[in-house]
Amino acid sequence: MHGAPLHPEGFAHYRSVNPEAPRGGRLIQGAVGTFDSLNPFIVRGTAPPFVRWNIVESLMARSPDEAFTCYALLARTVATDDARSYVAFEIDPRARFADGTPVTADDVLFSFELLRARGRPNHRTYYGKVAKAEVTGPLAIRFTFGVFDRELPLILALMPVLARHATDPESFERTSFTPPLGSGPYVATEVKPGETVLLARAPDYWGRDLPVNRGNFNFDSLRYDFYRDVNTQFEAFKRGLYDIRFETDPGRWKTGYDIPAVRDGRIVTEEIATGTPKPYSALIFNMRRPIFADMRVRQAMVELFDFEWANQNLYFGLYRRNGSFYDDSELSSLGRPADARERTLLAPYADAVLPEVMAGTWRAPRSDGSGRDREQLRRALDLFKAAGWELKAGTLTDRATGRPFAPELVVGSKDQERLALAYQNMLRRAGVTLNIRLVDNVQFETRKQTYEYDMVPYIWDQSLSPGNEQAFYFGSAAADVPGTRNFMGLKSPAADAMIEALLAARAREDFVSAVRALDRVLISAQFSVPLFYTPGQWVARWRKVERPETLALQGSLAESWWQGPG
């Protein structure tokens, strides 16, 4: 996306893999929740993500060692101009779908047209920027763009390629337990709806020796087991029913692994550093609802979340506080005054950024950690009062109508419910009645996709090269489209303009300034209660599986692991 690729032409393998990793064995992974579809490319249903990366390939593969660089996969060559007004691909003549059928330019064009018309909102948005798609040969295709967007050649490079002869456009948007036919390293061999999916190595996989694949996809089979709740999932791991666990709960990480298998070395626990922005975890206000239309109300709700108390009493002090949408990276605006480039970009939107955010002095509210910070409570009540709410007989009420302030927070797991109950208690001091609704995984995902909530927890994962997906997360056009990640309903001309600026940036320094300017706009909108993140990855693995010593930017990636002697 910016600068030169890390790996030269003719490179042998990625830096963060073991190219000599043995092949064979089975990797079992556990997930919380369920699934009712194996089609991850549509809004309807809940599909597991592993279908996308293990079964369906793209024209190019994204490097795990760089901010945003793509290397040859289905396409063996790529061409574009300096303005990136088009991109052309030539498909590797060796490429085959799992049934042995060659991958052709017609399959690529079919996939493009199908996903643009019937795919998820992000596909429709991205591919809608293409003015013309034309097959220029049996293995050649060219996309000409209708807008200026320097990321589009990479976006098209990562488009999933489906088999035209095995995909019915008319039924594509229906949920199905039959996975799409792909050209990837695995095929689905057994599906127990909602419980288990077994993948086996694709026979005669065409791309096994490509540089992007060497050292990856080392297991002969992959099994994914689904558990209804995280406690059951954890107990299954301790019993050896699955092999790798990426832990997210500090309490469990601190005390839950004091078990014989860890003490005698059969389970290895590791804290692994990551080089990407830390995930932004938050309780999100649905600004489509009148109860959260006033920013002062949202600010008051943010004030009342006592991170210091929660971190010490619920999470052993192991979490760090979210503040930026790109925490712990050069893209974060926290602690940095806006530079000249940022100020120029933001000049037409003077009201979109709080002065303290522009100055780099803003941080999420801090308490004294007692759980009874009176100053924090006073600030919150002042904000509520300015917005037309007042405390009467212990209940926060609307001065005009007398109705109580009683938003509902929808959660989908016991861990989320535990935090919600703590927040409920914090809010009670201000007379706020927070109603908590715990729903099953399918209902939780459905309500998120249709924006049926007052508040909802969510975690945005970011890379070192945020791009078109930012419009899917934060763009005005996404606010009213079901299935996007604009869960708060943000409609901000300033955010839209900053997204356009980061997409147009040629030099890395211009790009960084545009992302920081977007960060300032998002922070200032106050549409969420910023929560917390772990310093890196907390990984537990049974010793029978091993990982590369050199880490990817995201930490340790399961596709690079292999079966060990243990």
Side-chain angles (χ1 to χ4, degrees), residues 1-9 58-63 66-91 105 108-109 111-113 115-116 122-137 139-161 331 339-342 344-348 463-478 493-518:
M1 182 63 192
H2 299 105
L6 172 66
H7 302 295
E9 184 176 358
S58 301
L59 291 162
M60 303 182 78
R62 185 169 183 168
S63 167
E66 300 163 77
F68 196 3
T69 303
C70 295
Y71 296 94
L73 185 54
L74 285 172
R76 69 174 178 179
T77 68
V78 58
T80 188
D81 59 355
D82 182 65
R84 298 189 184 177
S85 63
Y86 77 94
V87 65
F89 301 98
E90 181 186 352
I91 297 167
V108 179
L109 180 62
S111 302
F112 166 78
E113 292 176 340
L115 293 169
R116 184 173 63 173
N122 54 325
H123 293 138
R124 300 183 192 193
T125 299
Y126 301 160
Y127 307 154
K129 297 181 178 183
V130 175
K132 185 178 183 182
E134 54 186 329
V135 171
T136 57
L139 298 176
I141 189 167
R142 177 186 172 113
F143 299 95
T144 303
F145 306 134
V147 299
F148 179 68
D149 183 339
R150 293 186 57 78
E151 194 184 36
L152 280 179
L154 291 91
I155 295 295
L156 269 294
L158 296 178
M159 180 179 68
V161 177
L331 304 177
D339 63 25
R341 296 185 194 90
E342 293 177 68
T344 299
L345 289 170
L346 292 167
S463 75
L464 288 170
S465 184
N468 272 277
E469 78 285 349
Q470 303 303 293
F472 186 61
Y473 301 166
F474 309 120
S476 298
D496 296 338
M498 298 311 107
I499 294 169
E500 290 180 9
L502 67 88
L503 292 174
R506 285 175 173 257
R508 180 71 184 180
E509 56 268 26
D510 293 329
F511 172 78
V512 170
S513 291
V515 178
R516 288 180 186 170
L518 173 62

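Values below: every heavy atom of this structure, side chains too, minus hydrogens, waters and symmetry copies.
- No side-chain heavy atom of Ser463 sits less than 4.5 Å from a side-chain heavy atom of Phe68.
- Nearest heavy-atom pair, Tyr127 versus Met159, reported as atom, atom and distance to 0.1 Å: OH-CG, 3.2 Å.
- The nearest pair of heavy atoms linking Thr69 to Pro5 is CG2-CB, 4.0 Å.
- Residues Leu115 and Pro160 form a side-chain contact, since some pair of their non-hydrogen atoms from C-beta on lies under 4.5 Å apart.
- Note that CG of Leu152 and OG1 of Thr144 are 11.5 Å apart. Values are rounded to the nearest 0.5 Å.
- Between Phe89 and Phe143, the angle of the ring planes goes over 60°, which puts this pair in the perpendicular group of the 30/60° scheme.
- For the atom pair CG of Leu59 and CG of Leu154, the computed distance is 12.0 Å after rounding to the nearest 0.5 Å.
- Asp82 has its side chain within reach of Arg506: a pair of non-hydrogen atoms, C-beta onward, lies under 4.5 Å apart.
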Practice prompt. Before giving the answer on side-chain contact (heavy atoms from CB on, under 4.5 Å), spell out for Arg341 and Arg516 the whole-Å C-alpha distance, their side-chain angles and the decisive distance to 0.1 Å.
Written response: CA-CA 10 Å; Arg341 296 185 194 90; Arg516 288 180 186 170; over 6 Å; no
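- Arg84 meets the salt bridge (charged side-chain N to carboxylate O under 4.0 Å, His left out) test with no other residue; sequence neighbours excluded.
- Of all non-hydrogen atoms in Ser465 and Arg62, the two that sit nearest each other are CB-NH2, 4.2 Å.
- Ser58 places a side-chain N or O within donor-acceptor distance of the main-chain N or O of Leu158, the cut-off being under 3.5 Å.
- Here the NE2-CG distance, from His2 to Leu464, works out to 12.0 Å after rounding to the nearest 0.5 Å.
- Applying the salt bridge (Lys or Arg N to Asp or Glu O under 4.0 Å) test to pairs two or more places apart or on separate chains, those with a residue in residues 140-159 are Lys129-Asp149.
- Annotation for Phe112 and Ala133: closest pair CE2-CB, 3.7 Å, computed over non-hydrogen atoms.
- Counting heavy atoms from C-beta outward, Val87 and Phe145 have side chains that approach closer than 4.5 Å.
- Leu109 is listed as a side-chain neighbour of Ile141, based on a closest heavy-atom distance under 4.5 Å.
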Worksheet item: Which is it for Val108 and Leu74 under the side-chain contact (heavy atoms from CB on, under 4.5 Å) test, yes or no, and what are the steps along the way?
Response: CA-CA 10 Å; Val108 179; Leu74 285 172; over 6 Å; no
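- Side-chain atoms of Ser63 do not come within 3.5 Å of backbone N or O of Cys70 as any donor-acceptor pair.
- Here the closest heavy-atom approach between residue Ala105 and residue Ile91 is recorded as N-CD1, 3.4 Å.
- Among Asp496, Val515, Ile499, the one residue that satisfies the side-chain contact (heavy atoms from CB on, under 4.5 Å) test with Gln470 is Ile499.
- A donor-acceptor distance shorter than 3.5 angstrom exists from the side chain of Tyr126 to the backbone of Glu469, with no hydrogens or angles considered.
- Here the closest heavy-atom approach between residue Val512 and residue Leu331 is recorded as CG2-CD2, 4.0 Å.
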